[in-house]
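Quick note on labels: first sequence line is chain A, next is B, and so on, each numbered from 1. Note that the structure is a prediction, hence the values are computed from the model and not measured.
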Protein chains: 2
Amino acid sequence: MAPLSEQVRLAEVAAVVGEPARAAMLLALGDGSALPAGELAACAEVSAATASEHLLKMLDAGLVRVERQGRHRYYRLASAEVAELLESLMVVAHRSPEPRRQVRVPPQLRTARSCYKHLAGRLGVAVCDALSGRRCIEVEEGLAVVTAGGLRFLEDFGVDVTRLRSHPATRTCIDWSERRPHLGGAVGVAIHRRCLELRWIRPHLDSRAISLTPAGVRGFHAVFGFDPARFAAAVERLPASLSRA
Amino acid sequence: MAPLSEQVRLAEVAAVVGEPARAAMLLALGDGSALPAGELAACAEVSAATASEHLLKMLDAGLVRVERQGRHRYYRLASAEVAELLESLMVVAHRSPEPRRQVRVPPQLRTARSCYKHLAGRLGVAVCDALSGRRCIEVEEGLAVVTAGGLRFLEDFGVDVTRLRSHPATRTCIDWSERRPHLGGAVGVAIHRRCLELRWIRPHLDSRAISLTPAGVRGFHAVFGFDPARFAAAVERLPASLSRA
DNA sequence: CCCACGTTTCGGCGCCGCCCGAAGCATTCC
DNA sequence: GGAATGCTTCGGGCGGCGCCGAAACGTGGG
C-alpha cells in the first residue's frame with residue numbers, strides 16, 4: 001500500500017487544475033499563447049490579487065511558465081504535456097453524463113479552434129477526413145500514416161516534407177467536441193502553420209477559436225474540397241483590428 | 001468571454017480527481033481492474049462512509065462505472081479515456097518541480113507496471129528499446145511504426161499480426177517514471193496480453209505493479225535479450241496465492 | 001427468519017482555500 | 001523625480017468540502 005508520493009502529487013496537480021478560475025486561465029493559454037497576468041485575471045473573472053495567487057500555485061505545480069517583459073509578466077503553458085493534459089480532461093469532461101445539465105459548446109469554438117499548435121473542431125476533423133478520403137493518410141486509433149500520395153499532396157500544399165519521408169506517421173487526437181479524430185503531431189502542426197502562413201485562418205484574441213478568412217474559404221474549397229457554405233459560420237466578420245497578426 | 005460551460009465541466013472533472021482519497025482510488029483502478037467499495041476505502045485509507053461519497057461523485061463525473069455482484073459493488077474506470085487522463089496527470093505531476101520534496105516512485109511500480117492494458121515502467125521501456133534496437137519498430141514522437149522485420153518478430157512471438165499488416169503503426173506513451181517512451185496502442189496491448197498468456201508476468205493484487213515469473217526472466221532474455229539480472233528486483237517472491245491468475 | 005456483512009445515507013463538526021481590499025514593489029512614462 | 005501602471009503580498013472573512021459515527025438499506029447465509 002506504499003505508493004504514497006505519486007498519488008499525492010497526482011492529486012495535487014489535478015486539484016490545481018480543478019478550480020474554476022485556474023481552469024479558465026489554463027484554457028485561455030490552451031493554444032500555447034502567452035498572456036499577461038492582468039488579462040488572465042479578466043479571463044477568470046477574478047481580481048488581480050486572486051489571479052496572482054492562482055498563478056503562483058500553477059507555477060509551483062509546473063503547469064505554467066512565466067517570463068518578464070517590462071512591467072508585464074507573460075504566462076504560458078509550461079509544456080506540451082500540460083496541453084495534452086487539458087485535452088484529456090476535455091475529452092472526459094465532455095463525455096461525462098452529468099445528470100441534467102446539457103453541455104453547450106460555444107459554436108465558435110466548435111466550428112474551428114486551435115489545440116496547442118494544430119487545428120481542431122469541425123475544421124480540424126474536416127481536414128483529417130479530407131486527407132483520409134483522398135488516401136493521403138491512413139487513420140487508425142491514435143495515429144495516422146502518410147501515404148506516398150499524401151506526401152505529394154502536402155508538398156504541393158507547401159509543407160516541408162523532408163522529415164516526413166523517413167517518418168511518415170503522425171499522431172491524431174480525439175476531438176472533444178466532435179468525438180472524432182483530428183490530426184496532431186508534426187503533420188498537424190505543419191498544416192496549421194501553413195494555413196496561418198497563407199492567411200486562410202486567423203486566431204481570435206480572446207479564445208482558442210479560429211476564423212476563416214475569405215481567402216481561406218476559397219483555399220479550403222480548392223485544395224481540400226470543402227463546401228464553401230460549410231464553414232460560413234466561421235468566416236471572419238470582425239474588423240481585422242480584433243484579430244491576431 | 002462566453003465559453004463557460006466547457007470550462008466549468010473541465011474544472012469539475014479535475015476537481016473530482018484532485019482529492020487525495022479519490023486519486024488513490026482511481027490509481028488503484030488504473031490497470032482496468034474492478035474492485036469493491038470496501039477495498040477502495042482501504043486503498044484510500046478512509047472510512048467506508050467517506051469512500052462511498054467519493055465513489056458517488058466519481059460516478060457523477062463519469063470517471064468510474066459500477067456493477068453489482070451479490071452484496072458487493074465492483075467499481076472500475078469508466079473508459080480508456082479516463083486511464084489516459086490519469087497518465088497525462090502522472091506525466092505532469094512527475095515532471096513538476098515542486099520545490100523541495102524529492103519524488104520517490106515506489107521501486108515495485110517503477111520496475112514494471114501495467115498502464116491500463118500495456119506494459120510500463122522499466123520493463124515497458126526496455127521492451128520498446130529492444131524492439132527499436134532490432135529495427136522492429138521506428139519510434140518517433142508519440143508513435144512507432146512496425147517494420148517488416150518487426151512483423152515477423154511479433155508473429156514469431158505469438159502475436160496476431162493480421163490487422164497490423166495494413167496498419168503498421170501504434171501509439172507510444174511517455175513513461176512517467178522513466179521519462180522515455182513505451183509502447184501503447186494495439187501493439188502494446190497485444191504484447192502485454194501475450195506476456196500474460198505465456199505467464200511471463202503476473203500483476204499484483206494491490207497495485208498496478210507487475211512481477212516477473214522465473215519463466216518470464218528466461219523468456220525476456222531469450223526473446224528480447226534482457227540481462228536476467230536486470231529485472232531481478234521484479235522477480236516474484238510472493239506465494240502464488242497473493243497474485244492474480 | 002434473523003443475523004452478519006457490505007454499502008449507502010444522514011447529521012454535524014472542523015479545516016482548508018478562495019476571495020477581496022489595501023498596501024508594497026517594480027517598471028515605465030512624462 | 002513623481003505619477004501611473006502592472007503585479008504581488010498581507011490580513012481577515014466566509015463558504016464549502018472532506019471527515020466520521022450512527023443508523024438505514026439490501027443481500028446472502030445459517
Rounding to an integer number of Å, can you tell me how far [X] [atom1] sits from [N] [atom2]?
| X | N | atom1 | atom2 | result |
| --- | --- | --- | --- | --- |
| B/Leu56 | D/dC17 | CG | P | 14 Å |
| A/Tyr75 | D/dG6 | OH | P | 15 Å |
| A/Met25 | C/dC18 | CE | C1' | 12 Å |
| A/Asp60 | D/dT8 | CG | P | 13 Å |
| B/His54 | D/dC20 | NE2 | P | 8 Å |
| B/His72 | C/dT8 | NE2 | C1' | 15 Å |
| B/Leu55 | C/dG6 | CG | P | 16 Å |
| A/Leu59 | D/dT9 | CG | P | 10 Å |

Nearest to the side chain of [X], heavy atoms from C-beta on, is which of [options]?
| X | options | answer |
| --- | --- | --- |
| B/Thr50 | D/dC7, D/dC19, C/dC19 | D/dC19 |
| A/Ala37 | C/dT7, C/dC10, D/dC7 | D/dC7 |
| A/Ala49 | D/dC7, C/dT8, C/dC20 | C/dC20 |

*Partner residues of B/Cys128 under the side-chain contact (heavy atoms from CB on, under 4.5 Å) criterion, sequence neighbours left out*: B/Ile137, B/Val139, B/Leu183
Would you name the heavy atoms of [X] and [Y] that are closest together and state the gap between them?
| X | Y | answer |
| --- | --- | --- |
| B/Ala61 | B/Val16 | CB-CG2, 4.0 Å |
| B/Gly121 | B/Glu178 | C-CG, 3.9 Å |
| B/Ala44 | B/Ala24 | CA-CB, 4.0 Å |
| B/Ser47 | B/Ala41 | O-CB, 4.1 Å |
| A/Ala15 | B/Gly18 | CB-O, 3.3 Å |
| B/Ala190 | B/Val159 | CB-CG1, 3.7 Å |

*Which sits closer to the 5' end of DNA chain C, A/Ser47 or B/Ser52, going by the nucleotide each is nearest to?*
B/Ser52
*Donor-acceptor pair (no angle test) under 3.5 Å: A/Glu53 side chain, D/dC7 base*: no
*Base versus backbone protein contacts along nucleotides 23-29 of chain C [heavy-atom cut-off under 4.0 Å; B, S, -]*: ---SBB-
_Contact residues, residues 16-23 of chain B to DNA chain C [heavy atom, < 4.0 Å]_ = none
*Which string of ( ) [ ] | and . matches DNA chain D, if you list each base 5' to 3' and count Watson-Crick or G-U pairs only when both distances are under 3.5 Å?*
||||||||||||||||||||||||||||||
_Cation-pi check for B/Trp176 against B/Arg113: NZ or CZ below 6.0 Å from the six-membered ring centre and within 45 degrees of the axis, yes or no?_
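B/Arg113 over B/Trp176 ring: yes.
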_Applying side-chain hydrogen bond (donor to acceptor under 3.5 Å, both in side chains) as the test, list every pair that has at least one member in residues 72-89 of chain A; sequence neighbours left out._
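Passing the test, one end in residues 72-89 of chain A: A/Ser79-A/Glu81, A/Glu81-B/Arg95, A/Glu84-A/Arg171, A/Ser88-B/Ser88.
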*B/Arg122 versus B/Ser177, side-chain donor and acceptor atoms under 3.5 Å*: no
*asked:* Could you tell me if A/Ser211 and A/His204 have a donor-acceptor pair between their side chains, going purely by distance under 3.5 Å?
replied: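 Yes, a side-chain donor-acceptor pair sits under 3.5 Å.
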*Within the pair B/Lys57 and D/dC17, is there a side-chain N or O less than 4.0 Å away from OP1 or OP2?*
no
*List for me each residue that meets salt bridge (charged side-chain N to carboxylate O under 4.0 Å, His left out) alongside B/Arg194, sequence neighbours excluded, and say none if there are none.*
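Once residues adjacent in sequence are excluded, the partners of B/Arg194 under the salt bridge (charged side-chain N to carboxylate O under 4.0 Å, His left out) criterion are B/Glu197.
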